[in-house]
A.B. asks: 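Dropping the structure in here first, questions after.
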Amino acid sequence: MTASDFDKIFSPYDPGDGKVRVRFAPSPTGQLHIGGVRTAIYNWAFARRNGGTFILRIDDTDPERSTEANTRAILDAMKWIGMDWDEGPEVGGPCEPYFQTQRAHIYQAALEKMKANGSVYPCFCSAEELAAKREANQKSAGYTGYDRTCRSLSPEEAQARIDAGESHVWRVKVPEDRGDIVFEDAIYGTCTFHADIMDDFIVMRSDGTPTYNFTTAVDDAIMGITHIIRGDDHLSNTPRQILVYEALGMKVPMFAHLSMILGPDGKRLSKRHGATSVQAFREAGYLPEAMMNYLSLLGWSLDGETTIFSLETLCNSFSIDRISRNPAIFDETKLAWVNSVYIKEMGAKRFVELAAPYLVSAGLTTAEEIESNRGWYEEIYPLVRERIKVMPEVVDAVAFLFRGTEVEFDEKSVAKVLGKEGVPEVIDSIIEVLGDDGLAWNAEAIEEAMRALLEKLGKKPKEVFQVARVALTGSMVSPPLFESIALLSREAVLARLESAKPIAQATFEAKQA
RNA sequence: GUCCCCAUCGUCUAGCGGCCAGGACGGCGCCCUUUCAAGGCGCAAACACGGGUUCGAUUCCCGUUGGGGGCACCA
């Protein structure tokens, strides 16, 4: 591989339509992080808004930590939340391959070109030496980067040491007369870094693998990326990458650096803040639309007023100039609220789909049972629709429906509601009403009959309905009473009422004593 | 330590020289109501500080303070 080979390989991809080309380039060293998805969403939405191309590239140049399973998980998470990509793994594209580990020949060729034009030099300092120097520097005058020991080696001596098989890396030779490195950032505006304090950073490791700042710049250029939308943490890498672009004679794209997402304590969001990966939120029962909606709003605003919007709206209205410069604190309470909005809109069919795994794993029912009795399960939806913010909450909300003739009583509810005088008599009359064979077993008929009973007994709604609620559900907090009764079998209802009677009696007596 | 970035209610934000500083989450109160929710109505809640520029600064400039990020043969 030589410098001229590089020129053959290196013809930046350009479809010639002047359209936007953006990329999301995760490294598969773990799950897809919240900050990562947000970056992906902004890239994706930006491409969709402008009729451009969204590219997914896997930056897997860290062999120690990159795994195929992680790559898989990232692709799944991207799809789950609602994104698709025009080029990348699974779909291919004109710039294949989209895995950096498969692009070694390209980086090698780029290095040859840089060797040929003198923009890199070999460095023989060992990692230990460098670490020692760094430590010493940091203690005294403050760290200022590599001391450029090997930069002054004569080409002959350097070549001789390479030929002798001495271990070495390749460093970029920051031009002496470079002056300030200035670039445009669509979010921060003009950014300036002083080249004279820039480090001669490593581009190729001693084991022959390229480093991030090198591969990223090379690939972004070759793939014809027009806008690099990425995390703020890369801001100070940008001048390094610009040096690579310049050494290779490549065009510098537009940048857009996103501020970080912080945890509730104002520190960078990390594992110690709890769930931070898309998959974790998925498992916690959040809906993809809610994640997409909430994350879009974390650092971007549609108009300052609208908080709930569809994927389509996002794609039709996303713009970089409405991205905020402030770091944003991730607020799970608001995420939960957004989620509850989508739960209210999702419909009974999808509800059963999503609730099923939680009901099954809680041991309340089985997948087969749900399959053969879908209609009944769909009727649960209206009962919980406005009462749960995340899917797992469905378990506690409706567990009482699955206990047959048994009731799991909440002590406080029993004491407060069933312990009053005359409750057993009230229960008796409820049994009489609900035990009537002529009563149609649906919420409307049940409500009508129960209200008639109210009239007959001359009691307030609370005095009868709360008794029924606790007797049937075990708790003074439950979904709507008549709908709940209708979902239980008449046998179960009567049995539960019967067994509540002695409990009411005993509670009352205990109170008297 | 050093370089870079940021600064409006508790939180996410609107604002791009003149606004009673708007919306949303959360909080609180009232209404509705058989519980819990949902819903409706309402309340409290912010321009970090100090200098300039200007007839006029939340908005522009400079400091201070506070916060964040980078400074690896990680990405």
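The analysis underlying the following values was restricted to heavy atoms, covering all of them including side chains, and did not include hydrogens, waters or symmetry mates. Proteins get letters first, then strands, A, B, ... in listed order; numbering begins at 1 in each.
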A.B. asks: Is the shortest distance from a Lys or Arg side-chain nitrogen in A:Glu447 or A:Arg451 to a carboxylate oxygen in the other one below 4.0 Å?
C.D. replies: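 Here A:Glu447 pairs with A:Arg451 in a salt bridge, since their nearest N and O are under 4.0 Å apart.
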A.B. asks: Does the distance from a Lys or Arg side-chain N to an Asp or Glu carboxylate O, for A:Asp233 and A:Arg268, drop under 4.0 Å?
C.D. replies: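 So A:Asp233 pairs with A:Arg268 through a salt bridge.
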A.B. asks: Using the C1' atom as the point on both nucleotides, what is the distance between B:rA38 and B:rG56, in whole Å?
C.D. replies: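 After rounding to an integer number of Å, I get 47 Å for this pair.
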A.B. asks: A:Ile181 has an atom CD1; how far is it from atom C1' of B:rG70, in whole Å?
C.D. replies: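 Rounded to the whole Å, the gap is 15 Å.
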A.B. asks: Using a cut-off of 4.0 Å on non-hydrogen atoms, how would the nucleic acid contact of A:His234 be classed: base, sugar-phosphate, or nothing?
C.D. replies: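 It contacts base atoms.
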A.B. asks: Could you tell me how far B:rG17 sits from B:rC28 if I compare only their C1' atoms? Round to whole Å.
C.D. replies: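 Rounded to whole Å, the distance is 36 Å.
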A.B. asks: Would you mind pulling out the nucleotide paired to B:rG27, Watson-Crick or G-U wobble, both distances under 3.5 Å?
C.D. replies: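 WC or wobble partner is B:rC43.
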A.B. asks: Remember a base hit wins even if backbone is also touched, and classify A:Phe201 as base, sugar-phosphate or nothing at under 4.0 Å, heavy atoms.
C.D. replies: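 Contact class for A:Phe201: none.
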A.B. asks: Look at A:Arg322 and B:rG15 and indicate whether a side-chain polar atom (N or O) is within less than 4.0 Å of OP1 or OP2.
C.D. replies: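 Yes, within the criterion.
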A.B. asks: Would you measure the distance from the C1' atom in B:rC71 across to the matching atom in B:rA21 and give it in whole Å?
C.D. replies: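 My reading of the C1' atoms in B:rC71 and B:rA21 gives 40 Å.
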A.B. asks: With rounding to the closest Å, how many angstrom separate the C1' atoms on B:rU34 and B:rG42?
C.D. replies: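 The answer is 26 Å between these two C1' atoms.
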A.B. asks: Distance from A:Ile106 atom CD1 to A:Cys95 atom SG, nearest 0.5 Å?
C.D. replies: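 If I round to the nearest 0.5 Å, the distance is 9.0 Å.
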A.B. asks: Would you say the base of B:rC73 and the side-chain of A:Ser206 have a donor-acceptor pair closer than 3.5 Å?
C.D. replies: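 When only heavy-atom distances are counted, A:Ser206 does reach the base of B:rC73 through a donor-acceptor pair under 3.5 Å.
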A.B. asks: Classify the side-chain pair A:Tyr212/A:Gln100 by whether it contains a donor and acceptor separated by less than 3.5 Å.
C.D. replies: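 No pair is found: no donor N or O on one side chain lies under 3.5 Å from an acceptor on the other.
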A.B. asks: Find the partner of B:rG1: check Watson-Crick (N1-N3 plus N6-O4 or O6-N4) and G-U wobble (N1-O2, O6-N3) distances, both under 3.5 Å, and reply none if neither fits.
C.D. replies: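 B:rC71 is the nucleotide pairing with B:rG1.
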A.B. asks: Taking the nucleotide of RNA chain B with the nearest heavy atom to each, does A:Thr29 or A:Tyr188 sit closer to the 5' end?
C.D. replies: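 Result: A:Tyr188.
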A.B. asks: Among B:rU35, B:rC73, B:rU13, which is the nearest nucleotide to the side chain of A:Arg387?
C.D. replies: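 Looking only at heavy atoms from C-beta outward on A:Arg387, the closest nucleotide is B:rU35.
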A.B. asks: Pick base, sugar-phosphate or nothing for A:Ala127, based on heavy-atom distances below 4.0 Å to the nucleic acid.
C.D. replies: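 Base, at least one base atom sits under 4.0 Å.
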A.B. asks: Suppose you measure atom P in B:rC43 against the same atom in B:rG51; what distance do you get, rounded to whole Å?
C.D. replies: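 It comes out at 35 Å once rounded to the nearest Å.
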A.B. asks: Take atom P in B:rU8 and the same atom in B:rA46, then report the distance between them in whole Å.
C.D. replies: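 Straight-line distance between the two P atoms is 14 Å.
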A.B. asks: Should A:Glu112 and A:Lys115 count as an ion pair when the cut-off is N to O under 4.0 Å?
C.D. replies: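 Looking at A:Lys115 together with A:Glu112, the answer is yes, because their closest N to O distance falls below 4.0 Å.
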A.B. asks: Mind checking if A:Pro480 touches a base, just sugar-phosphate, or nothing, with heavy atoms under 4.0 Å?
C.D. replies: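 Base, at least one base heavy atom under 4.0 Å.
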A.B. asks: What's the CZ-P distance between A:Arg268 and B:rC5, to the nearest Å?
C.D. replies: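 Computing the A:Arg268:CZ to B:rC5:P distance gives 18 Å.
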A.B. asks: Below 4.0 angstrom, N of the basic side chain to O of the carboxylate: do A:Glu386 and A:Lys344 qualify?
C.D. replies: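 Answer for the salt bridge query: no.
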A.B. asks: Give me the ring orientation class for A:Phe46 and A:Phe318: parallel if the planes are under 30° apart, tilted from 30 to 60°, perpendicular past 60°.
C.D. replies: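 Rings of A:Phe46 and A:Phe318: perpendicular, over 60°.
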A.B. asks: Reading nucleotides 17-31 of chain B from the 5' end, what letters show protein touch, with B for base, S for backbone sugar-phosphate only, - for no heavy atom under 4.0 Å?
C.D. replies: -----BBBSS-----
A.B. asks: Answer with base, sugar-phosphate or nothing: what part of the nucleic acid does A:Gly299 contact at a heavy-atom distance below 4.0 Å?
C.D. replies: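 Sugar-phosphate, backbone atoms only, no base.
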A.B. asks: Taking B:rG50 as the reference, what is the distance to B:rC55 when you measure between their P atoms (whole Å, please)?
C.D. replies: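 That atom pair is separated by 22 Å.
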A.B. asks: Just how far, in rounded Å, is C1' of B:rC4 from CZ of A:Arg240?
C.D. replies: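 Spelled out: CZ on A:Arg240 to C1' on B:rC4 is 11 Å.
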A.B. asks: Just name whichever nucleotide pairs with B:rC55, Watson-Crick or G-U, keeping both distances under 3.5 Å, else none.
C.D. replies: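 For B:rC55, the partner nucleotide comes out as B:rG18, under the 3.5 Å rule.
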A.B. asks: Does any nucleotide pair with B:rG50 by Watson-Crick or G-U wobble geometry, both distances under 3.5 Å, and what is it?
C.D. replies: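 Pairing partner: B:rC62.
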A.B. asks: Reckon A:Lys267 touches a base, only the sugar-phosphate, or nothing at all at heavy-atom distances under 4.0 Å?
C.D. replies: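 Sugar-phosphate contact only.
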A.B. asks: What integer number of Å spans the C1' atoms of B:rG10 and B:rG69?
C.D. replies: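 These two C1' atoms come out 24 Å apart once rounded.
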A.B. asks: A:Gln241 CD to B:rC71 P: how many Å, rounded?
C.D. replies: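 Interatomic distance, CD of A:Gln241 to P of B:rC71: 12 Å.
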A.B. asks: Reckon A:Ser340 touches a base, only the sugar-phosphate, or nothing at all at heavy-atom distances under 4.0 Å?
C.D. replies: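 Counting heavy atoms under 4.0 Å across all strands, no contact is made by A:Ser340.
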A.B. asks: Are any of A:Asn326's side-chain N or O atoms less than 4.0 Å away from OP1 or OP2 of B:rU8?
C.D. replies: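 Yes.
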A.B. asks: Please give, in whole Å, the distance from B:rU13 P to A:Phe330 CZ?
C.D. replies: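 After rounding, the reported distance stands at 13 Å.
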A.B. asks: Would you call A:Lys501 and A:Asp428 a salt bridge, using N to O less than 4.0 angstrom?
C.D. replies: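 Counted as a salt bridge, because a side-chain N and a carboxylate O are separated by less than 4.0 Å.
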A.B. asks: Give A:Arg325 one of three labels, base, sugar-phosphate or nothing, depending on what nucleic acid heavy atoms sit under 4.0 Å from its own.
C.D. replies: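 Contact class for A:Arg325: sugar-phosphate only.
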A.B. asks: Would you mind reading off the distance between A:His273 atom NE2 and B:rG68 atom C1', rounded to a whole angstrom?
C.D. replies: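 Between C1' of B:rG68 and NE2 of A:His273: 13 Å.
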A.B. asks: For A:Asp321 and B:rA14, what is the distance between atoms CG and P respectively, to the nearest whole Å?
C.D. replies: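 Rounding to the nearest Å, CG of A:Asp321 and P of B:rA14 are 11 Å apart.
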A.B. asks: Look at A:Glu246 together with A:Arg178 and state whether they make a salt bridge at an N to O cut-off of under 4.0 Å.
C.D. replies: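 Yes.
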A.B. asks: Using Watson-Crick or G-U wobble geometry with both distances below 3.5 Å, tell me the partner of B:rU34, or none.
C.D. replies: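 Base partner found: none.
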A.B. asks: What is the distance, to the nearest angstrom, from the CG atom on A:Leu481 to the C1' atom on B:rU34?
C.D. replies: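 From A:Leu481 CG to B:rU34 C1': 7 Å.
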A.B. asks: Can you tell me if the side-chain N/O atoms of A:Ser301 get under 4.0 Å from OP1 or OP2 in B:rA14?
C.D. replies: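 The answer is yes; a side-chain N or O of A:Ser301 sits under 4.0 Å from OP1 or OP2.
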A.B. asks: List for me each residue that meets ring pair (Phe, Tyr, Trp, His ring centres under 6.0 Å) alongside A:Tyr294, sequence neighbours excluded, and say none if there are none.
C.D. replies: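 Scan of A:Tyr294 (ring pair (Phe, Tyr, Trp, His ring centres under 6.0 Å), adjacent residues dropped) gives A:Phe330.
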A.B. asks: Find which nucleotide of RNA chain B each of A:Ile187 and A:Met204 is nearest to by heavy atoms, and output the residue with the more 5' nucleotide.
C.D. replies: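 Its nearest nucleotide lies further toward 5', so the answer is A:Ile187.
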A.B. asks: When you measure from the side chain of A:Asp233, which nucleotide among B:rU34, B:rC73, B:rG69 comes out closest?
C.D. replies: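 Looking only at heavy atoms from C-beta outward on A:Asp233, the closest nucleotide is B:rG69.
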